Participant: 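This structure is in structure tokens; I'll ask about it shortly.
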Amino acid sequence: MSRPLLLTCLALAGLVAASLCVGAASVSPLQLFSDPEGVKLLLLSRLPRTAAAMLSGASMAVAGVIMQLLVRNRFVEPGTTGTVEAAMMGLLAVTMLAPGTPILGKMGISAAAALIGMAGFLALIRRLPPEEPLMVPLVGIIYSGIIGAGTTFAAYQADLLQYLGTWMNGEFSGVLAGRYELLWLAGLVAGLAYLYADRFTIAGLGETASIGLGLNYAQTLWIGMVTVSVVTAMVVVTVGAVPFVGLVVPNIVARIMGDNLRASLPVMAGMGAGLVLASDVLGRIIRFPYEIPAGTIFGAVGAAVFLWLLLGPKPRVR
């Protein structure tokens, strides 16, 4: 086990222990494992909430690095390319037109909308000059804003703004056993990306170079797009969007471990899980016994890191 992976696992273990012990209910750590009411609280709320935060963070971190390799730009992630906003638009559409649709059906429609939104972004950036890499995230933010504005207008007309607010902020206070299991599927889809890690790494060299190395570039592109879309839709449907995870985590890990995706992907997943879980724990502590959504905390920190990545020192070439 590499040192970064070991340190990530140790930090994650500490955060899991903190997450299980921190909450509005005044239950001591010993009661969680000995008192019947404490055990019930642990199984119905604390463990599902901890698992949901970890799965959301790990999945979005993996989706972010795949997005960056497909676009060949370090400053993009699903939340800055219109993918999250398109997923919310699809979810809003099915909520308005067919509110009785099962959760898997809503997720499928949301994933299809996210896929269409991502395809639109890829079509846009093909027109940008390659020597202007900062244009890509700027166009993505504008593109996301346009889709988000249309979604907000539709939600306002249908009196569904409260739903949209829930989907826009990753929030884990409502997670209970039986209401988050879709995230295990998101984790599985993200985990399957490990099987294609080498292909995604080669795809990051560009279409011409990839084809020259014998890669089926079109197939790899579609696999990556479907992976990102499905993961994004599952997270948005279950807990709401957690911004900047897919941007911050891959950039931090790449500066430490380089661009070998097969070696760095487990660390990215672990760091994404840990940072989202840490945001959720902080959200429970800052205004105890009230809570601040984890997406709000990570969004504030992630925005600062995003600016540092844009304006700060460049990483050393490895």
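Everything quoted here is computed from the prediction, not taken from an experiment.
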Participant: Under 3.5 Å, is there a donor-acceptor pair between the side chain of Q68 and the main chain of A63?
Facilitator: no
Participant: For Y143 versus I116, what's the shortest heavy-atom pair and its separation?
Facilitator: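 Taking every non-hydrogen atom into account, OH-O, 4.4 Å.
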Participant: Distance from L261 atom CG to M268 atom CE, nearest 0.5 Å?
Facilitator: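 Taking CG in L261 and CE in M268, the distance rounds to 6.0 Å.
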Participant: Are the side chains of S56 and L183 in touch, meaning some heavy atoms are under 4.5 Å apart?
Facilitator: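 The answer is yes; the side chains approach within 4.5 Å.
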Participant: Check whether any side-chain N or O of S110 sits under 3.5 Å from a backbone N or O of K106 as a donor-acceptor pair, and report yes or no.
Facilitator: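 Answer holds: no.
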Participant: Evaluate the criterion side chain to side chain contact (heavy atoms under 4.5 Å, CB included) for residue pair W222 and L115; output intermediate values, then yes/no.
Facilitator: CA-CA 10 Å; W222 276 105; L115 183 62; 4.1 Å; yes
Participant: Would you mind checking if R49 and E291 are paired as a salt bridge, meaning a charged N to carboxylate O distance below 4.0 Å?
Facilitator: yes
Participant: Would you check if the side chain of S210 reaches a backbone N or O of I202 as a donor-acceptor pair within less than 3.5 Å?
Facilitator: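 Such a contact is found between S210 side chain and I202 backbone.
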Participant: Between L20 and R46, what is the shortest heavy-atom contact and its length?
Facilitator: O-NH1, 2.7 Å
Participant: Taking all atoms of both residues into account, what is the closest heavy-atom pair of L215 and A203, and its distance?
Facilitator: CD2-N, 3.8 Å
Participant: Are I297 and I252 linked, directly or through other ILVMFWY residues, by side chains that come within less than 4.5 angstrom of each other?
Facilitator: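 Result: no, two separate clusters.
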Participant: Do L92 and M107 sit in the same hydrophobic cluster, where Ile, Leu, Val, Met, Phe, Trp and Tyr count as joined when their side-chain heavy atoms come under 4.5 Å apart?
Facilitator: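 Shared cluster, yes.
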Participant: Within the 4.5 Å heavy-atom criterion, are L265 and V65 side-chain neighbours or not?
Facilitator: yes
Participant: Would you say M67 and T83 make side-chain contact, with heavy atoms under 4.5 Å?
Facilitator: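 Yes, side chains in contact.
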Participant: Quick one, T232 and M60 - any side-chain contact, counting heavy atoms below 4.5 Å?
Facilitator: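 Result yes, sub-4.5 Å side-chain heavy-atom pair found.
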Participant: Please examine the side chains of V276 and F172, heavy atoms only from C-beta on, and report whether any two atoms are closer than 4.5 Å.
Facilitator: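 Of all side-chain heavy-atom pairs linking V276 with F172, at least one is under 4.5 Å.
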Participant: Under a single-linkage definition using a 4.5 Å side-chain heavy-atom cutoff for Ile, Leu, Val, Met, Phe, Trp and Tyr, are I146 and V139 assigned to the same hydrophobic cluster?
Facilitator: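 I146 does not cluster with V139.
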Participant: List in chain and number order the residues that pass side-chain hydrogen bond (donor to acceptor under 3.5 Å, both in side chains) with N260, two or more places apart in sequence or in another chain; answer none if no residue qualifies.
Facilitator: none
Participant: May I ask you to test the V136-L128 pair for a side-chain heavy-atom distance under 4.5 Å?
Facilitator: yes
Participant: V16 versus L277: any side-chain heavy-atom pair under 4.5 Å?
Facilitator: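 In contact.
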Participant: Give the minimum heavy-atom separation between T80 and S144, together with the two atoms involved.
Facilitator: C-OG, 3.5 Å
Participant: Would you say I66 ends up clustered with L205 if hydrophobic residues are merged whenever their side chains have heavy atoms under 4.5 Å apart, either directly or through other cluster members?
Facilitator: no
Participant: Verify, without hydrogens or angle tests, whether E85 (side chain) and G148 (backbone) share a donor-acceptor contact under 3.5 angstrom.
Facilitator: no
Participant: Using the rule that two of Ile, Leu, Val, Met, Phe, Trp, Tyr join whenever any of their side-chain heavy atoms come within less than 4.5 Å, decide whether I141 and M118 are in one cluster.
Facilitator: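 As far as the 4.5 Å side-chain criterion goes, M118 and I141 are connected within one cluster.
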Participant: Taking salt bridge (charged side-chain N to carboxylate O under 4.0 Å, His left out) as the test, write out the residues that go with R199, two or more places apart.
Facilitator: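 Applying salt bridge (charged side-chain N to carboxylate O under 4.0 Å, His left out) to R199 gives none.
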Participant: Counting C-beta onward and ignoring hydrogens, is there a side-chain heavy-atom pair between L55 and W184 closer than 4.5 Å?
Facilitator: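 Touching, per the 4.5 Å side-chain cut-off.
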Participant: Which pair of heavy atoms, one from A51 and one from Y180, lies closest together, and at what distance?
Facilitator: CB-CE1, 3.8 Å
Participant: Please round to the nearest 0.5 Å and tell me the distance separating atom CG of L15 and atom CG of L275.
Facilitator: 8.5 Å
Participant: Testing the basics here: between P78 and G64, what is the closest heavy-atom pair and its distance to 0.1 Å?
Facilitator: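 So the minimum-distance heavy-atom pair works out to CD-CA, 3.9 Å.
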Participant: Just jot down the side-chain hydrogen bond (donor to acceptor under 3.5 Å, both in side chains) partners of S19, sequence neighbours excluded, or say none.
Facilitator: T50, R284
